[in-house]
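The next block holds one structure in the form of structure tokens; read it before the comments.
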Amino acid sequence: MEKKIKIYVRNNGKTVEAPLGANLEEVYQLSGLQMKYGPLSAHVNNKVEGMHYRAFSQKEVEFLDITSSSGNRAYTRTLFFILCKAVHDLFDPCKVAIDIPVSNGYYVNLNIGRPITLEDAGTIRRRMQEIIDAAMPVHRHETTTEEAINMFENLHNRSKVKLLKSTGRLFTTYYDIDGYVDYYYGSLLTNTSQIYLFGVEKYYDGLLLRLPSREDPDELGEMTHQDKMFGIFKEHHQWQDILGLRTVGDLNDVIMQGHSSTLIQISEALQEKKIAKIADEIANRKGIKIVLIAGPSSSGKTTTCKRLSVQLAVNGIKPIEISLDDYFVDRDKTPRDEKGDYDFEHLHALNLPLFNEQLSALFRGEEVELPRYDFPTGTSQMSGRKLRLGENEMLVVEGIHALNPELTSQIPNEQIYRVYASALTTILLDNHNYIPTTDNRLLRRIIRDHKYRAVSAQETIRRWPSVRAGENKWIFPYQENADAMFNSAMLFELAVIKSQAEPLLEQVPENCPEHAEAYRLLKFLRYIKPIPETQIPPTSLLREFLGGSSFEY
């Protein structure tokens, strides 16, 4: 008699009996669910697993589609795999690096021995569609890491060999499509036919791989112009090429060889040089009266503001910092979100008329009394702090809305200099596995929230989707308005924050939904060798999150 196991399906609250060792696709068929965009992966006992996963004991399962973060990642990785196979089929030998998240897709750097043409993009797109139409199985294999290293050495895949050699793991999982093998650090789909929508366009000197929109999965994400964002990524890649450090395998080599101190010194110097260059440009541009600094959560806006203020002072400019938080409207006038809760991230949670009125007065040489927002009572009050701008004085303001034109609608553009700061992770896990910039910022925020706000990693993870939604609405649409972009991420950063982040992630209970994200981040951090926090200087931007900064916050 066939042995059965019980699987509780969280999606519909049903318990099904499945054969011992059934994979998640078989469990899904038994569940009676009908998912339009899935299932693509699942939470099994609050851990992310692919549909290849087999159950040998009682489990709780939640199936995920493309509108979920985990399902979307599985779809994206499988599309990467199909792209790499298509390029291999057409242009071998060649090198593919899935490189930069830009324009609601991913920039793909191809080295096929000549410049990429429009015809190449069309040929690759058609070959990918052939692979999808052929409904090829995506096979999952587990082998010893030593065997995997030998396999990728024979395939001349240096970035994967470096990564696998540095992990110290006994076993490694890899995948194949029709004999073409690759390694991905997360789950994939089980068949190429599950890719129902994608796009491939020529983009600068490479390709743009386009994905379905998370909001409307029947449509591709809208192509947006992000020339400045793309440029800052390319600039950092030039630095990385100079240092010979493009992947986590390269980083681990540097750490294991005892050269992390040199890497930190060079990275910090490059970042300071960029801030000094921005300050020089502000000083040389006549008529600037205010510097606005914006960026998403945990992008290091505050330290960027302070370090830029230092460099402005070097240029003979006295920076005067004011806080947008003091311009909140009274609590009862605050806009509400779709749930009826106060939406403090809404642009009109700020008193825009007062802000513009006071800026205009200051720029006319008049004195104003700055407001102060009393958060316990939710009221705006006059602070008693009087301000008049003197000669060579300049306002410096940071906040999430700083690049929104409506914030300073009454101020002439020639009086404003806008800076966009974000933690744009430019290091890759390997050439086919990018590291999401949002993971870097989430890890920063987990550490900061615990250290300064007594907020657990579980709570930070729970709030993160709401934070991201606010960024998509109020920050990212305006990032190309910036006069300068500043990347606050460090090449060595993940190796330093690893030691503080891991204990906090391990405290997230297994019986809560946030455990899936904590477990995923822990798995990712295990690829990276640690660097002691003591090697980081007190002026480093990372000190905003780690503590021990020489700046006052």
Side-chain angles (χ1 to χ4, degrees), residues 94-102 106-113 115-116 156-163 165-166 203-206 226-281 299-300 304 307-308 311 419-435 437 440 484-497 527-531 535-537 539-542:
C94 62
K95 289 184 179 179
V96 180
I98 295 160
D99 208 352
I100 299 171
V102 67
Y106 290 88
Y107 170 73
V108 182
N109 188 4
L110 296 182
N111 184 348
I112 61 173
I116 300 298
H156 308 291
N157 197 323
R158 176 179 167 273
S159 70
K160 292 189 192 301
V161 169
K162 271 195 153 185
L163 180 67
K165 280 184 174 180
S166 68
Y203 194 81
Y204 290 91
D205 54 350
Q226 291 186 307
D227 296 344
K228 293 175 183 176
M229 177 69 69
F230 187 77
I232 204 74
F233 269 108
K234 296 289 276 187
E235 177 184 80
H236 275 255
H237 282 337
Q238 289 172 1
W239 292 351
Q240 288 173 267
D241 288 339
I242 293 169
L243 294 170
L245 201 155
R246 290 297 298 269
T247 67
V248 166
D250 296 331
L251 174 62
N252 287 342
D253 274 359
V254 168
I255 296 169
M256 290 187 292
Q257 291 167 15
H259 301 317
S260 56
S261 180
T262 301
L263 173 61
I264 290 168
Q265 291 165 10
I266 293 173
S267 298
E268 293 283 353
L270 285 169
Q271 197 173 81
E272 191 63 30
K273 186 174 183 179
K274 181 68 175 181
I275 294 173
K277 184 179 178 182
I278 294 171
D280 291 345
E281 187 174 333
S299 59
T304 301
R307 286 173 63 176
L308 182 59
Q311 291 293 340
V419 178
Y420 179 78
S422 190
L424 305 174
T425 314
T426 56
I427 195 168
L428 304 173
L429 197 61
D430 66 37
N431 284 338
H432 300 168
N433 287 270
Y434 79 102
I435 298 173
T437 59
N440 196 348
M485 284 196 173
F486 174 69
N487 186 2
S488 70
M490 301 287 206
L491 293 175
F492 62 84
E493 173 170 348
L494 292 167
V496 175
I497 65 178
Y527 285 98
I528 301 165
K529 300 293 183 185
I531 293 176
Q535 294 189 24
I536 309 303
T539 53
S540 176
L541 186 142
L542 284 184

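If you read the sequence from its start, that first residue is 1, and numbering goes on from there. Because only heavy atoms are used, hydrogens play no part in the values below, and waters and symmetry mates are left out as well, while side chains stay in.
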Worked check of side-chain contact (heavy atoms from CB on, under 4.5 Å) between K162 and N252: CA-CA 9 Å; K162 271 195 153 185; N252 287 342; over 6 Å; no
May I have the step-by-step check of side-chain contact (heavy atoms from CB on, under 4.5 Å) for I536 and E493, ending in yes or no? CA-CA 10 Å; I536 309 303; E493 173 170 348; over 6 Å; no
Go through K273 and D280 one step at a time and tell me if the salt bridge (Lys or Arg N to Asp or Glu O under 4.0 Å) criterion holds. CA-CA 10 Å; K273 186 174 183 179; D280 291 345; over 6 Å; no
Intermediate values then yes/no, side chain to side chain donor-acceptor pair (under 3.5 Å), H237 and D99: CA-CA 10 Å; H237 282 337; D99 208 352; 2.8 Å; yes
Test side-chain contact (heavy atoms from CB on, under 4.5 Å) on N440 and I435; report intermediate values, then the result. CA-CA 8 Å; N440 196 348; I435 298 173; 5.9 Å; no
Could you go through K274 and I232, starting from their C-alpha distance and side-chain angles, then the distance that decides it, and tell me whether this counts as side-chain contact (heavy atoms from CB on, under 4.5 Å)? CA-CA 11 Å; K274 181 68 175 181; I232 204 74; 3.9 Å; yes
When you look at S261 and Q265, which way does the side chain to side chain donor-acceptor pair (under 3.5 Å) test go after all the steps? CA-CA 6 Å; S261 180; Q265 291 165 10; 3.3 Å; yes
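In this structure a side-chain-to-backbone donor-acceptor pair under 3.5 Å is missing from S422 to L424.
Inspection of the D227 and Y204 side chains reveals an N or O donor paired with an N or O acceptor under 3.5 Å.
The CD1 atom of I427 sits 6.5 Å away from atom OG1 of T247, with the distance rounded to the nearest 0.5 Å. In this structure, the separation between CD on Q238 and CG on L270 is 11.5 Å, given to the nearest 0.5 Å. In this structure, the separation between CG on N487 and OH on Y420 is 10.0 Å, given to the nearest 0.5 Å. Here the straight-line distance linking atom OG of S540 with atom CD of E272 works out to 10.5 Å at 0.5 Å rounding. With rounding to the nearest 0.5 Å, the separation of CG in L494 from CG in L251 is 8.0 Å. Separating the OG1 atom in T539 from the CG atom in L541 is a distance of 10.0 Å, to the nearest 0.5 Å.
Around atom NZ of K165, no more than 12 heavy atoms belonging to other residues, nucleotides or ligands sit under 6.0 Å away. With a 6.0 Å radius and a threshold of 12 heavy atoms from other residues, nucleotides or ligands, K95 has its NZ atom at or below the threshold.
Under the side-chain contact (heavy atoms from CB on, under 4.5 Å) test applied with F492, the options I528, I264, I266 reduce to a single match, I264. For the side-chain contact (heavy atoms from CB on, under 4.5 Å) with C94, the lone residue among N111, L110, I112 that qualifies is I112.
When every heavy atom of H236 is checked against every heavy atom of T426, the shortest pair comes out as CB-CG2, 3.7 Å.
Ring geometry for Y203 against Y107 counts as tilted: the plane angle lies between 30° and 60°, on a 0 to 90° scale.
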